[in-house]
Protein chains: 2
Amino acid sequence: MSKPPVPDPRRTLTLRDVSEASGVSEMTVSRVLRNRGDVSEATRERVLEAARSLGYVPNKIAGALASQRVNLVGVVIPSLSNMVFPEVLTGVSEVLEDTGLQPVVGVTNYSPDREESVLYEMLSWRPSGLILAGLEHTEAAQAMLAQAGIPIVEIMDIDGSPIDSAVGISHRRAGRKMAEAIIAAGYRRIAFLGTQMPNDHRARKRLEGFEEALARVGLSLADREFYSGGSALLKGREMTEAVLKRTPDVDFLYYSNDMIGAGGLLYCLDAGLDVPGKIGLAGFNGVELLDGLPRRLATMDACRLEIGRRAAEIIAGKRPEGLVGGEVIELFPTLQPGDTIRPT
Amino acid sequence: MSKPPVPDPRRTLTLRDVSEASGVSEMTVSRVLRNRGDVSEATRERVLEAARSLGYVPNKIAGALASQRVNLVGVVIPSLSNMVFPEVLTGVSEVLEDTGLQPVVGVTNYSPDREESVLYEMLSWRPSGLILAGLEHTEAAQAMLAQAGIPIVEIMDIDGSPIDSAVGISHRRAGRKMAEAIIAAGYRRIAFLGTQMPNDHRARKRLEGFEEALARVGLSLADREFYSGGSALLKGREMTEAVLKRTPDVDFLYYSNDMIGAGGLLYCLDAGLDVPGKIGLAGFNGVELLDGLPRRLATMDACRLEIGRRAAEIIAGKRPEGLVGGEVIELFPTLQPGDTIRPT
DNA sequence: CTCAGCTATGTTACCGCTAACAGCCATTTG
DNA sequence: CAAATGGCTGTTAGCGGTAACATAGCTGAG
């Protein structure tokens, strides 16, 4: 009634302020605020009331230092602008939600050096775990991660050797499967259209697997076209036009992602081409966007949500059974033939 | 030559380890690692070498606590899955890049309560500043923010009263402008198709401004349709179909965002409707995706990149001139008529 | 009535780092 | 040559919490 509720508006509040306001020790306040240890109902109420009326917000920096526990999980991904990683994040958040752990994201823009510095920054906050996309990292980054002493989960890809655990799909196999489906459907003059980015290892591996499967039946790519930057949908149109002009007899277009594939599909439809009769198309990822297109693009989902979930479960220690880390979880994407590949 | 480089692989390294390895005090190591104060070139080299070979990563938790400085900027946004906020983030990152500040994002899913808890979590890390979307917050959240003692920038919207600073556009005005353009082009039977989400205040304000402008010339909406969840492109198709079936004589469809607008456009084209002759369409946001569509949807860009940049500049203290905070920066979106609105 | 056995609270010693200041040595200056 | 100067390094005292242990009441069994 008589005490001014805010003694000094500029100084930021500490446990001591709450402790003084409620007449108990700082330790007891700390216990109340964390629901740790026995505190009588009466003091609990009093402390909570004091904390609330002061507007006290605990200082996790101090808490983390003292307890040597940080409730953060670093999530390091190449990009936020192509729908695939946000979905991974959704999976991660879902699982972490009720574990007291909180994801913190870092973006590398597909640059290994940037990844290295983002990792350094992350590790300097001593997170409880780290989830990062891909298996390819700078040497320094690998060393840091190995030394960190926390669970590390590399996601998206399992074609390589993980530092600790890994959750993902085999992109090489995904490329192979798609090639096999295309060949089985009778297409023979096949072109690849994809990202130029030298550091998109997963797209590269898909292409490798794809070509390998072609080679196995004596085929090779009829054409290939690369791009970088710009609107994916528009790029897809442009690239498709370029390929069709240069190699008019192609009968299949394999895109490295759904977005450019969708652009290509729109181009083909605009051009009045017979899809999938004369020409077939396929992408990769299984993005939701495709559902609204005039025709459903063939694709392969990358299990993004599931990857996020599994990775988070490993970090949260919710491992299936008695596993200690260092496990590799392979997921298997399913082919969605859509309407752009001839039925066999 | 003789010392084992990694004394105890399980314990995590501290300044003391580096200090012992290089034969100087912890303080000197700290100075070297932060480039602060004078250190002779010789010791600097020695310390850096030791730190590198040990694989030392500084503990920012301890550093932040000791120095009372945290190089983090909280960015709290409603969603990551619709392209608009990632672009804001890009702007923020761009500016923060060379300030030593690092963005940390939190996602609220358009839930005020979730926003409140995300803010609490953020503030408990004592960031140097906070950027958050929207002007509407729970009472508790407002109190926290006002007490926090750090720069707060509310972004996207300026129709309301900010806690501290604000950077954004007037959505009410944006809605009005679009309505005026539509009316000027001669459309009269106008329908609105948009998000149901009760907490998307910006969409709500656009609609309010839109209806206000209609009312001013004696018009009112011929129909309205709301949705929630699901694939935006597909939803756009479905909603458009529903509206056209229910109110066959509409001659304009105003969508609350470009994604559903694009779906609607694809639907109209599929249905062979005369766009923009018999029916016009418009969206909002100016997303890159539209560039690849068969016809360019009329839209209004939301200045997302610029908003992110300006907000970050305020936090980074790069204010134009001698401003102390509490400023409101209004940006003005431009109408992009595209191909889906009759030329006047 | 006494004391083990609780429960509820307080005390002490850090967590790993940095601000502030102190000290040392080699130069420079008058 | 003493004193002032300046460059480099070390010492001390926290930052705001929490772990671990200590202690004060209170209860009920013997």
Side-chain angles (χ1 to χ4, degrees), chain A residues 8 11-48 50-51 54-72 100 121 123-128 148-149, chain B residues 8 11-48 50-51 54-72 100 121 123-128 148-149:
Chain A
D8 182 350
R11 202 173 49 79
T12 100
L13 298 162
T14 74
L15 265 194
R16 154 156 263 107
D17 296 292
V18 182
S19 115
E20 282 170 359
S22 55
V24 297
S25 72
E26 300 175 37
M27 195 61 229
T28 300
V29 175
S30 170
R31 280 194 271 252
V32 170
L33 264 29
R34 286 176 301 145
N35 289 312
R36 203 62 56 85
D38 301 308
V39 180
S40 75
E41 197 47 40
T43 40
R44 154 170 273 103
E45 293 286 308
R46 205 141 41 87
V47 168
L48 286 177
L54 289 174
Y56 172 71
V57 177
N59 185 331
K60 290 216 177 173
I61 306 254
L65 182 60
S67 68
Q68 304 282 51
R69 261 183 274 104
V70 182
N71 68 337
L72 298 177
E121 189 77 13
L123 288 178
S124 74
W125 288 101
R126 302 285 188 269
S128 304
Chain B
D8 182 350
R11 203 174 49 77
T12 100
L13 298 163
T14 74
L15 265 194
R16 152 154 265 109
D17 296 291
V18 182
S19 115
E20 283 170 0
S22 55
V24 298
S25 72
E26 299 175 37
M27 195 60 228
T28 300
V29 176
S30 169
R31 280 195 272 251
V32 170
L33 264 29
R34 286 176 301 146
N35 289 311
R36 202 62 57 86
D38 302 309
V39 180
S40 75
E41 196 49 40
T43 37
R44 154 169 273 102
E45 293 285 309
R46 205 140 41 88
V47 168
L48 285 177
L54 289 173
Y56 173 71
V57 177
N59 185 333
K60 290 215 176 173
I61 305 253
L65 183 61
S67 68
Q68 304 282 47
R69 261 184 276 105
V70 182
N71 69 337
L72 298 177
E121 189 77 14
L123 288 178
S124 73
W125 287 101
R126 301 286 188 270
S128 304

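Letters go in sequence order (proteins before strands), and every chain restarts at 1.
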Side-chain N or O of [X] versus OP1/OP2 of [N]: is the shortest distance under 4.0 Å?
X	N	answer
B:T14	C:dC15	no
A:S25	C:dG10	yes
A:R69	D:dA19	yes

Send over the distance from [X] [atom1] to [N] [atom2], rounded to a whole Å.
X	N	atom1	atom2	value
B:Q68	C:dT18	CD	C1'	10 Å
A:E20	D:dG16	CD	P	13 Å
A:W125	C:dC15	CH2	C1'	15 Å
A:L13	D:dC15	CG	C1'	16 Å

A:V29, A:V18, A:L33 screened by side-chain contact (heavy atoms from CB on, under 4.5 Å) with A:L48, the one that passes: A:L33
Taking C-beta and beyond as the side chain, do [X] and [Y] meet within less than 4.5 Å on heavy atoms?
X	Y	value
A:L72	B:W125	yes
B:N35	B:R44	yes
B:K60	A:E121	yes

Is a side-chain N or O of B:S128 found less than 3.5 angstrom from the main chain of B:V70, in a donor-acceptor match?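 Confirmed, B:S128 side chain pairs with B:V70 backbone.
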Would you say the side-chain atoms of B:S19 pair up with the backbone N or O of B:V24, donor to acceptor, closer than 3.5 Å? yes
What nucleotide among [options] has an atom nearest to a side-chain atom of [X]?
X	options	value
A:Y56	C:dA19, D:dA19, D:dG17	D:dG17
A:N59	C:dG16, D:dG16, C:dT9	D:dG16
B:L15	C:dT18, C:dG10, D:dG16	C:dT18

Which value, rounded to the nearest 0.5 Å, describes the distance between B:D17 atom CG and B:E26 atom CD? 9.0 Å
For A:R126, report the nucleic acid contact type (base, sugar-phosphate, nothing); a contact means any heavy atom under 4.0 Å.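 Since no nucleic acid heavy atom lies under 4.0 Å of A:R126, the category is nothing.
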DNA chain D contacts among residues 32-47 of chain B, heavy-atom distance under 4.0 Å: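 Correct list: B:D38, B:V39, B:S40, B:T43.
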Most 5' of B:M27 and A:S30 on DNA chain D, judged by nearest nucleotide: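 Mapping each residue to its closest nucleotide by heavy atoms, the 5'-most match is B:M27.
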Would you kindly check whether a donor in the side chain of A:R31 faces an acceptor in the base of C:dG10, or vice versa, at under 3.5 angstrom? yes
